[in-house]
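Scroll down for the structure; my scribbles are underneath it.
Positions are given from 1, in the same order as the sequence printed here. Given the structure is predicted, the values throughout are model-derived calculations rather than measurements. Ligands are counted one by one from 1 in listed order, and the atoms in each one are counted from 1 as well.
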Amino acid sequence: MTPMDMLLSRASTDHLKAPAPSEAQMAEVLAAAMRAPDHGKLRPWRYVIVKDDARPLLAKRIVASMVRLDPEAPEFKKEKRFNRFSTIPMTLVLGMHLRPEHKIPLWEQEMTVAAGAMNILNALHTLGFGAIWVSGDVVNDPVLAEELGFPAPHKLAGFLFIGTPDAPLPAPKRPDPVQFTATWQGEPVSFAADGKTP
Ligand SMILES: Cc1cc2nc3c(=O)[nH]c(=O)nc-3n(C[C@H](O)[C@H](O)[C@H](O)COP(=O)(O)O)c2cc1C
């Protein structure tokens, strides 16, 4: 596969089985994360690897967070989330080490974390692993963030579920990029994606 074929064949999947990437493979994947564009070299990305026996511990914290946010969270939802976090071969917690006082705006710091995450997804795909970026309300729970090592103003950006795909990757129909692209010629542009002809 060419690098372009690689980029164009990535798809998210949560149908994941063991093995997770080895330590050496994760080192390579995380090196790709360090290639994210980063205004001011603030390095706002933080990664927490959760695997093996730590998985049910994280799952418990996730369920506790769900209950904190909604004391009436249905039992089946809690059980589903617990099972998911306990059985996915590896979860990579995406942390954001944010500096609100810095002249680089927060939104740029957060985008750098997202750019790093995208590099991770592509690097995992290149090595034959599957992954999906998930979030949910718990991502905005400051107590959970603190339990994972991110006291305010730092935050969570979500979780990457990682493993070996246990089925061929889904091939979702992708939008036509033409619909999302315009060439500026001095006047405001519009986009076919927004229901207007450019
Ligand atoms: C910040 C962020 C949070 C997301 N949270 C969830 C989530 O909680 N659950 C989910 O099913 N997909 C979530 N997604 C979407 C998936 O990661 C994925 O993009 C989607 O399933 C489409 O698959 P694709 O990446 O192959 O297009 C999230 C994506 C992003 C960028």
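For atom 10 (C) of ligand 1, the closest non-hydrogen atom of the protein is Val134 CG1, 4.3 Å. Here the heavy atom of the protein found nearest to atom 8 (O) of ligand 1 is Ser135 N, 2.8 Å. Ranking the protein heavy atoms by distance from atom 12 (N) of ligand 1 puts Trp133 O, 3.9 Å first.
Listed by number with element, the atoms of ligand 1 under 4.0 Å from a non-hydrogen atom of Ala11 are 26 (O). Proximity to Ser12 (heavy-atom distance under 4.0 Å) selects the following atoms of ligand 1: 18 (C), 19 (O), 23 (O), 24 (P), 25 (O), 26 (O). Numbered from 1 in the order shown, with element, the atoms of ligand 1 that lie under 4.0 Å from a heavy atom of Arg174 read 24 (P), 26 (O), 27 (O). Heavy-atom contacts of Ile132 reach the following atoms of ligand 1: 16 (C), 17 (O), 21 (O) (cutoff under 4.0 Å).
In this structure, a donor-acceptor pair under 3.5 Å is present between the side chains of Ser9 and His125. Looking only at atom types and distance, the side chain of Gln109 has no donor-acceptor partner in the side chain of Thr112 under 3.5 Å away.
Annotation: the span from Trp45 atom CH2 to Ile120 atom CD1 amounts to 10.0 Å, rounded to 0.5 Å.
In this structure, Gly136 has a heavy atom closer than 4.0 Å to ligand 1.
Residue Asn83 places its CG atom among more than 12 non-hydrogen atoms of other residues, nucleotides or ligands, all under 6.0 Å distant.
Aromatic ring orientation, His154 versus His97: parallel (interplanar angle below 30°, classes split at 30° and 60°).
Of the possible polar contacts, one joining the Arg55 side chain to the Ile88 backbone as a donor-acceptor pair under 3.5 Å is found.
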